[in-house]
Amino acid sequence: MTKATETASRRRVLAGLAAGAAAGFLPARFAIGQQAKVKLGLMLPYTGTYAALGKNIDEAFRLALAEKGGRLGGREVEYVVLDDESDPAKGAENANKLVSRDKVDVLIGTVHSGVAMAMVKVATDNDSLLIIPNAGADAATGPACAPNIFRTSFSNWQPGFAMGKVAAARGQKRAVAVSWDYAAGHESINGFKEGFAAGGGKVENELLLPFPQVEFQAILTQIAALKPELVYTFFAGGGAVKFVKDYAAAGLGNSVPLVGAGFLTDGTLAAQGAAAQGLETTLHYADGLDLPKDKAFRAAFKKAANREADVYAVQGYDTGQLLVAGLAAVKGEVTARKELIAAMEKAEIDSPRGKFTLSKAHNPVQDIYLRKVQGLENRYVSVAAKALADPARGCKMV
Ligand code: BEZ
């Protein structure tokens, strides 16, 4: 460091300390001559069937911070990045590495519900601040909810419930549900069942296969034999690409309508091609929302990442926006925990999906859209469920 930059750096530190003192906060970590950085632990899948999802969350998160000068509450940011491989068996060990070894100030992750629940446990045990940028595990904002756990995406119940309502309103009565045999699949199906049953519909069969297997032939044969009025699915990433293609190749596309939580066709359309055309899904994001924030975000993401945004990018971006809002309120002082949490709780996020707030359980209260695939887009059709809040069953903060 030159004399000039050292002096400037000292000045910044002193200004930061004065601001912190004025706001009544004590400094978190302070090294002489250097302002401590806010350390962020990004635990996401960078390999495997959910790799593209993790990558989009990561890049859009960084974009949200870059738009604010790359700082949080005036402090520089340092990233520690860890590939969780969507492997629940390694979830606790990986999260512990970030918390205990790397001593991150904020834990951010992940995509897979099983891995996310391991992170929730580690965050609860260590009282670490955790923001979940995708995984929908109902329990994270249900029985396991806690003041230090936030989610900027959705609960698995939300899109499923909305699709159930849509199908029932169409007078459909007999469905088969297909998914991977893990929390996200079960909970998405349960949400669908609840919405469907409220309108007189019934899921007659649930066909499951282990995550992340993609050998769908036996399931497709069963669907053909069962002849339901529709099939509801939860698949995402590489598995969603394969399922949609196999479903069409089996000739089911013309006889049994396939619907699902919108992950089935988000970020996947280029790879699914003709097989996805016309598919209807429900999600908290859609193409053609006609919101200035969405247009600006899409252009910025395209410029930064050189590819189109999808729902995962939106969620990563909003995770950044939530953290920006929280740390601005405490001037970067992550140890001012009560004030930081209060600021995050009351933030209104101007999201590309539309503005949203967080429920008492820290999950987005948001519109769920019905979308239909047209070309390379999940075109907005209608609002399937307005300002839908997860029921947060079992959450003691509600
Ligand atoms: C989940 O495991 O919760 C999940 C994974 C991918 C997309 C959506 C949800």
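Whatever order the structure lists them in is the order used to number ligands and atoms, beginning at 1.
Of all atoms in ligand 1, numbered sequentially from 1 with element shown, those under 4.0 Å from a heavy atom of His112 are 2 (O). Of all the atoms in ligand 1, the ones that sit under 4.0 Å from a non-hydrogen atom of Phe154 are 8 (C), 9 (C). The atoms of ligand 1 that sit less than 4.0 Å from any heavy atom of Ala135 are 3 (O). For ligand 1, the atoms closer than 4.0 angstrom to any heavy atom of Asn134 are 4 (C), 5 (C), 6 (C), 7 (C), 8 (C), 9 (C). The Ala184 neighbourhood of ligand 1 comprises atoms 1 (C), 2 (O), 3 (O), with distances under 4.0 Å to a heavy atom of that residue. Near Asn156, with a cut-off below 4.0 Å to any heavy atom, the atoms of ligand 1 are 3 (O). Listed by number with element, the atoms of ligand 1 under 4.0 Å from a non-hydrogen atom of Tyr182 are 1 (C), 2 (O), 4 (C), 5 (C).
Note that CG of Asn126 is 6.0 Å distant from CG of Asn96, once rounded to the nearest 0.5 Å.
Residue contacts with ligand 1 for Ala236 involve side-chain atoms from C-beta outward but no N, CA, C or O (heavy atoms, distance under 4.0 Å). By the criterion of a heavy-atom distance under 4.0 Å, neither the backbone nor the side chain of Trp180 is placed next to ligand 1.
Side-chain rings of Tyr312 and Tyr285 stay apart, their centers remaining 6.0 Å or farther from each other. For an aromatic pair to be called close, the ring centres must be under 6.0 Å apart, and Phe216 with Phe235 satisfies this. When ring centroids are compared, Phe211 and His112 come within the 6.0 Å threshold. Taking the six-membered ring for Trp and the full ring otherwise, the centers of Phe234 and His186 sit at least 6.0 Å from each other.
Checking only distances, Tyr312 never comes within under 3.5 Å of ligand 1, N or O to N or O.
Checking Arg337 against Asn148 by side-chain atom types alone, no donor-acceptor pair falls below 3.5 Å.
Remark: minimum distance from atom 1 (C) of ligand 1 to any protein heavy atom is reached at Val111 O, 3.2 Å. In terms of protein heavy-atom proximity, atom 3 (O) of ligand 1 is closest to Ser113 OG, 2.6 Å.
Contact check on Lys386 versus Asp367 returns a salt bridge, with a Lys/Arg side-chain nitrogen under 4.0 Å from an Asp/Glu carboxylate oxygen.
For the pair Arg62 and Tyr79, the distance from NZ or CZ to the six-membered ring centre is under 6.0 Å and the angle to the ring normal is within 45 degrees.
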